[in-house]
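Letters go in sequence order (proteins before strands), and every chain restarts at 1.
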Protein chains: 2
Amino acid sequence: MAPVHVATSAGQYPIHIAPGRLQHVADSVPANATRLVIISNPVVDGLYGNALRQALADLNKPVFTIIVPDGESFKSLDTLNTIYDRMLSEKLDRRAVILALGGGVIGDMAGFAAATYMRGIRYMQIPTTLLAQVDSSVGGKTAVNHPLGKNMIGAFYQPVSVDIDIHVLRTLPAREVSAGLAEVIKYGLILDRAFFEWCESNVAQLVALDADTLAYAIARCCELKAQVVSADEKETGLRAILNLGHTFGHAIEAGLGFGTWLHGEAVACGLVQAAVLSGKLLGLSAADIERVRALVRAIGCPDIAPDLGEDSWLDFMQGDKKTEGGEIRYVLLPAIGQAVVQAAPLNLVQETLSETVGDIAIDRSAVQTRDMTATQA
Amino acid sequence: MAPVHVATSAGQYPIHIAPGRLQHVADSVPANATRLVIISNPVVDGLYGNALRQALADLNKPVFTIIVPDGESFKSLDTLNTIYDRMLSEKLDRRAVILALGGGVIGDMAGFAAATYMRGIRYMQIPTTLLAQVDSSVGGKTAVNHPLGKNMIGAFYQPVSVDIDIHVLRTLPAREVSAGLAEVIKYGLILDRAFFEWCESNVAQLVALDADTLAYAIARCCELKAQVVSADEKETGLRAILNLGHTFGHAIEAGLGFGTWLHGEAVACGLVQAAVLSGKLLGLSAADIERVRALVRAIGCPDIAPDLGEDSWLDFMQGDKKTEGGEIRYVLLPAIGQAVVQAAPLNLVQETLSETVGDIAIDRSAVQTRDMTATQA
Ligand SMILES: NC(=O)c1ccc[n+]([C@@H]2O[C@H](COP(=O)([O-])OP(=O)(O)OC[C@H]3O[C@@H](n4cnc5c(N)ncnc54)[C@H](O)[C@@H]3O)[C@@H](O)[C@H]2O)c1
Ligand SMILES: NC(=O)c1ccc[n+]([C@@H]2O[C@H](COP(=O)([O-])OP(=O)(O)OC[C@H]3O[C@@H](n4cnc5c(N)ncnc54)[C@H](O)[C@@H]3O)[C@@H](O)[C@H]2O)c1
Ligand SMILES: [Zn+2]
Ligand SMILES: [Zn+2]
């Protein structure tokens with residue numbers, strides 16, 4: 001498959017997508033790199049670290065690995081400092097290159113380390129979760145969390161390449177796959193009706209991790225995200241449409257406590273809620289709202305939101321970073337495949353909440369099972 | 001005086017230079033700034049904080065001030081974290097603007113805070129030392145120190161404006177003025193022979209802080225630095241010439257312990273040493289070398305280097321960040337007003353050291369005294 005190209009103010013970079021791409025990552029390493037630094041966590045390094053080091057061996061460049069603990073709570077300034085300490089102790093110079101091997105947590109933190117080590121060195125994204133492959137590894141948003149807010153400290157800093165191996169998804173927990181598919185659907189909803197319909201037709205293969213189906217879906221998402229990012233690198237306007245479902249989703253994550261639902265699960269439910277609100281405000285048809293709901297269920301994500309209480313809902317939505325000057329601005333759908341960003345009358349939001357909140361039990365039996373014995377690519 | 005403009009990949013920004021400019025800083029504040037955050041230290045805030053807040057009052061924007069301790073040792077990740085904490089507690093959004101009021105320490109650290117707060121907010125430089133006015137505030141290099149090296153963590157991130165008030169230099173300790181003048185001379189040496197000669201003719205007025213003379217010198221330095229920075233924003237080539245005198249100077253700073261000599265004093269001595277080495281390697285004339293030495297003395301800086309021992313000298317020069325792959329590359333002068341970057345044979349470096357090292361006593365009586373009773377602008 002031809003690489004997807006992302007155009008940025010600092011030049012363009014390729015996204016390579018293929019089953020087994022991990023074995024060919026050496027092709028993406030800049031020729032004048034002095035040393036290579038893999039940043040990963042124990043889970044991902046245990047599964048794919050050796051394969052990656054093997055793939056780099058022929059380059060004859062010194063490689064060393066920094067392992068940080070697994071989990072969102074370690075995407076912190078403290079962990080970042082341990083990365084700086086290691087890199088400086090190893091006397092890495094400005095021509096060293098970082099390889100971020102992992103999900104969005106590793107990608108965001110390793111990217112930020114690259115952005116700030118000696119005022120910026122090059123880095124490569126090797127995303128290993130579906131969410132990271134279709135979303136966080138593309139677009140140059142890097143960050144760590146702060147006790148007072150997620151992703152509060154960061155930079156816009158583009159990688160030199162993104163290498164996506166479809167096979168690594170075979171070891172990803174099924175819930176993580178479902179959560180990643182929520183972001184896949186999102187791209188269709190905001191930008192590409194035909195792709196949304198393709199997802200409807202191919203949802204069984206997606207959930208079953210069929211390699212060709214996934215490769216197509218991931219490539220399409222990367223293309224769509226690349227278009228948006230190129231048009232709005234620093235997130236001053238258009239890029240906001242990528243937050244479809246995220247205002248509701250953020251309230252779910254914060255209201256239940258981060259980590260209770262996965263980010264993608266909360267977003268999936270938020271997609272349904274945004275569709276319902278779009279119906280009230282912009283006339284999205286009942287049939288289209290129903291299609292959104294059905295696809296969210298088919299990928300194994302919740303379509304009924306938790307009952308946080310109306311006041312909490314509004315507070316948590318207000319806390320969303322998109323809010324400036326206090327007014328909540330929603331990404332909404334005039335139709336499937338088109339997005340706008342606008343405020344909404346309080347009564348319509350209240351109606352939406354009362355119609356979408358309920359007793360929830362995530363029913364994973366609805367999700368087509370797949371062969372969980374598959375291991376490392 | 002017309003502003004100097006700095007062209008960067010992200011657009012251009014103005015440098016306003018005038019006696020009393022502090023009273024007009026409001027003109028530089030972006031109209032859509034939501035809130036203003038002054039970052040300063042107790043010394044500079046005590047001298048100029050109120051004048052600045054007064055100058056901003058008519059804008060009717062909320063202003064708050066973050067005071068960090070004075071000194072290079074506080075240009076650290078720890079201090080940076082206290083800045084993040086304050087900014088997040090105050091719920092500053094992405095349209096807040098930071099005003100860096102102070103010398104290079106404040107400018108570098110506040111600039112890096114701006115580069116990384118919510119992936120980058122705008123900031124204004126209001127440099128109050130001569131070094132910051134002619135060097136650190138222009139060019140977008142921001143950083144903090146790490147125990148394993150100075151300026152190791154940072155970003156290239158341009159301010160929206162630089163506002164330079166000549167009058168604030170009246171409270172600057174005389175040694176700091178001399179150190180700043182070393183960087184002034186440097187620009188003439190690397191890029192502009194006529195400016196070097198102008199400095200020779202006007203050195204008495206410079207040392208006495210004559211406002212018109214200083215305004216011209218600062219503007220010329222900013223123009224020259226802006227040219228270099230525009231041509232090489234990310235320091236991949238040309239920008240290295242700005243390091244004339246810095247390889248030797250760095251060894252002096254590190255060898256004596258940082259802070260023993262001021263950075264500019266060490267650089268001044270390094271200018272003489274670089275001139276001597278240029279004579280040996282590139283034929284810079286004895287007369288020109290003598291002119292460099294004479295001007296360094298006239299601004300009140302040392303022209304004889306401390307005796308660190310030859311091995312230490314070489315080790316400390318090796319430790320310089322410009323070194324990649326182990327070879328020391330020097331900025332050298334084929335003539336006054338022209339610079340090249342190249343390696344030098346060890347024996348010529350050794351000769352240079354033996355000829356420039358000696359017993360040193362910085363003789364400040366040579367420096368024309370000036371009216372130290374002048375206070376706040
Ligand atoms: N930069 C952006 O534009 C952007 C966009 C969206 C989300 N994000 C960030 O991404 C993060 C979430 O990323 P995530 O969902 O990838 O979470 P994650 O990085 O925590 O990965 C989820 C879990 O899967 C494990 N894992 C990763 N790859 C695996 C594999 N191939 N097999 C088995 N296990 C594997 C990880 O170790 C982890 O336990 C959040 O911090 C979020 O803020 C960033
Ligand atoms: N970013 C760059 O391109 C660049 C270039 C050169 C140097 N630097 C950095 O700049 C820093 C040195 O800057 P500096 O020399 O301005 O030191 P500084 O900021 O420490 O200031 C020197 C002293 O003067 C005081 N001071 C500042 N303004 C004053 C005033 N108007 N009146 C009285 N006292 C005043 C300060 O409080 C401090 O005690 C270093 O950290 C260096 O790494 C950065
Ligand atoms: Zn998301
Ligand atoms: Zn300097």
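The shortest side-chain heavy-atom distance between B:Ile153 and A:Arg119 does not fall under the 4.5 Å cut-off. At least one side-chain heavy atom of B:His146 sits under 4.5 Å from a side-chain heavy atom of A:Tyr84.
Using a 4.5 Å cut-off between heavy atoms, B:Leu77 contacts chain A through its side chain alone, with no backbone atom that close. For A:Lys234, the part lying near chain B is the backbone, with the side chain staying farther off; criterion is any non-hydrogen pair under 4.5 Å. Heavy atoms of A:Ser89 lying under 4.5 Å from chain B belong to its backbone as well as its side chain.
Your options are B:Ala155, B:Pro147, B:Gly154, and the one with the most heavy-atom pairs under 4.5 Å with chain A is B:Gly154.
Sparse packing is recorded around CG of B:Asp311, with 12 or fewer heavy atoms of other residues, nucleotides or ligands lying under 6.0 Å away.
Residues of residues 106-116 of chain A having a heavy atom under 4.5 Å from any heavy atom of chain B, listed by number: A:Phe112, A:Ala115, A:Thr116.
By the salt bridge (charged side-chain N to carboxylate O under 4.0 Å, His left out) test, A:Arg122 is found to be paired with no residue, residues two or more places apart in sequence or in another chain being considered.
Heavy-atom minimum distance, B:Asp85 versus A:Leu148: O-CD1, 4.0 Å.
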